[in-house]
Amino acid sequence: MPELPEVENARRCLLRASLPGRTFKGADIGWAKTVKRPDLEGFVLGLRDATVSDVLRKGKYILVPLRVEDGTPTLIIHLGMSGGLSVDDASSPEPPLVRHRFPLDDGRVMRFVDGRKFGKLWLVNDPAKVLPSLSPDPLGDGFTAEGLEASLAGRRAPIKALLLEQSVSAGIGNLYADESLYLAGIHPERAGADLGPEEIARLRESIFQALTEGVAVYDRARDELWPNAPRALTAWTIPRKEGESCPRCGAEMAVTRVRARTTWFCPAHQI
DNA sequence: AGTACGTCCTGATCGC
DNA sequence: TGCGATCAGGACGTAC
């Protein structure tokens, strides 16, 4: 489920819950395969008496730098397809599908909901060693049309598939890929290398616009969304339903599959 | 290298 | 209403 706006919302929820400054008392891992590094025992032991310094985001990854007695490891969380985080009183009723619990020193607990078990956890000293290659953050200054053009050069795959690569546009997922291409007026099956500089500039701007609006929707929702349920708000404008028409030009929306991912687009203005 | 496909998982939804 | 089939917003390993 989560793309950049959902992950950013999760991060802000953790900050609003004043996670920084709190200390993990350990971890209760309900599905061992979620822990990628180190082994389960090392992971749980490593979180004991680890104090949170900050909550950061890189693409769809949440980074939680920690202070322990003899170092500064980082907890890395990926929400996968169905993940969500909350911080509640330990005695509060637990929502369904909580897989992992991280008890805190103040009587609260960070809960990791993950229905499909595609979430991932790491506890490492050097995050760079486990994170894949990620583009500059599309919401930051580093994500330029020139950089995007360079990463599309020579690529024959459909632009929709390329946008899903985190090395091309970190944080984009299936929905925001469709949304960005819709806003830019670009057909999802165009080969990446066939896009001209003007189209790429438009695409960069559309990605920024779509993600910015996505983050804003969650920010406006604030407390209503707490705890951070694994359900997205509809920050995008594309109808994703049979028979609906394009809000911009009225044509009937079309659906296809790109790399086995459902892809909605307007056949009239996305060319 | 770049591309395409199968796989990991379970809950929700759809069609009969 | 019930039930099997299909679908879901991610990403990685593998094979060509």
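A quick note: this is a predicted structure, and the numbers were derived from the prediction, not measured. Chain letters run A, B, ... following the sequence lines, proteins first, then strands; residues in each count from 1.
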Might you list the N or O atoms of the protein lying below 3.5 Å from N or O atoms in nucleotides 13-16 of chain C, with each pair's distance?
none

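- For C:dA11, one of the phosphate oxygens OP1 or OP2 lies less than 4.0 angstrom from a side-chain nitrogen or oxygen of A:Lys60.
- Side-chain atoms of A:Tyr218 and A:Glu6 form a donor-acceptor pair, as typed in the model, at a separation below 3.5 Å.
- Under a 3.5 Å cut-off, the side chain of A:Thr74 and the backbone N or O of A:Pro127 do not form any donor-acceptor pair.
- Residues A:Glu165 and A:Arg155 are paired through a salt bridge, judged by an N-O separation under 4.0 Å between the basic side chain and the carboxylate.
- Minimum atom distance to the side chain of A:Asn174 is reached by C:dG9, of the listed C:dG9, B:dC8, B:dT10.
- Between C:dA8 and A:Arg257, a contact under 4.0 Å exists linking OP1 or OP2 to a side-chain N or O.
- If you take NZ of A:Lys241 and P of C:dA8, they are 15 Å apart, rounded to a whole angstrom.
- Checking A:Thr256 against A:Thr263 by side-chain atom types alone, no donor-acceptor pair falls below 3.5 Å.
- Closest to the side chain of A:Arg116, from the set C:dG9, C:dC12, B:dT10, is B:dT10.
- Within the 4.0 Å cut-off from OP1 or OP2 of C:dA8, not a single side-chain nitrogen or oxygen of A:Ser82 is found.
- Neither side chain, A:Asp89 nor A:Ser91, offers a donor N or O lying under 3.5 Å from an acceptor on the other.
- Proximity note for A:Lys120 (side chain, C-beta onward) versus B:dT10, C:dG9, C:dA11: the nearest is C:dA11.
- Here the C1' atom of nucleotide B:dC8 and the NE2 atom of A:His78 are 14 Å apart, to the nearest Å.
- In terms of heavy atoms, A:Gln166 sits closest to A:Ile172 at NE2-O, 3.0 Å.
- Rounded to whole Å, atom C1' of C:dG9 lies 13 Å from atom CD of A:Glu179.
- Across C:dT6 and B:dT7, the matching P atoms stand 16 Å from one another, rounded to whole Å.
- Closest approach of A:Leu15 and A:Pro20 over heavy atoms only: CD2-CG, 3.7 Å.
- Electrostatic pairing of A:Asp126 and A:Lys129 counts as a salt bridge here, judged by a charged N lying under 4.0 Å from a carboxylate O.
- Distance, A:Arg99 CZ to B:dG11 P: 6 Å, rounded to whole Å.
- Taking atom CD of residue A:Glu242 and atom C1' of nucleotide B:dG15, one finds them 15 Å apart after rounding to whole Å.
- Counting to the nearest Å, the C1' atom of C:dG9 and the CD atom of A:Glu3 are 5 Å from each other.
- In this structure, CG of A:Asp114 is placed 19 Å from P of C:dA8, rounded to the nearest angstrom.
- Here the closest heavy-atom approach between residue A:Pro73 and residue A:Leu123 is recorded as CB-CD1, 4.1 Å.
- With salt bridges taken as basic N to acidic carboxylate O contacts below 4.0 Å, one links A:Glu213 and A:Arg220.
- Consecutive Watson-Crick or G-U pairs involving DNA chain B, each under 3.5 Å on both distances, make up stems of three or more pairs at B:2-8 with C:10-16, B:10-16 with C:2-8.
- Remark: A:Lys58 NZ is loosely packed, at most 12 non-hydrogen atoms of other residues, nucleotides or ligands lying under 6.0 Å away.
- Using modelled atom types and a 3.5 Å distance limit, the side chains of A:Arg111 and A:Ser92 yield a donor-acceptor pair.
- With both ends at atom P, the span from B:dC14 to C:dG9 equals 14 Å, rounded to whole Å.
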Could you list the protein-to-nucleotides 1-5 of chain B atom pairs, N/O on both sides, closer than 3.5 Å?
residue	atom	partner	partner atom	Å
B:dT3	OP1	A:Arg156	N	2.3
B:dT3	OP1	A:Ala157	N	2.9
B:dT3	OP2	A:Arg155	NE	2.3
B:dT3	OP2	A:Arg155	NH2	2.6
B:dA4	OP2	A:Arg259	NH1	2.2
B:dA4	OP2	A:Arg259	NH2	3.2

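- With C:dA11, B:dC9, C:dG9 as the candidates, the nucleotide lying closest to the side chain of A:Gln166 is C:dA11.
- Of all nucleotides listed (C:dA8, B:dC8, C:dC12), C:dC12 comes nearest to the side chain of A:Pro132.
- Remark: the separation of the P atoms in C:dA11 and B:dA12 is 22 Å, to the nearest Å.
- Taking atom CG on A:Leu211 and atom P on C:dG9, their separation rounds to 16 Å, with Å as the unit.
- A cation-pi arrangement is not found for A:Arg108 relative to A:Phe102, the charged atom failing to lie both closer than 6.0 Å to the ring centre and inside a 45° cone about the ring normal.
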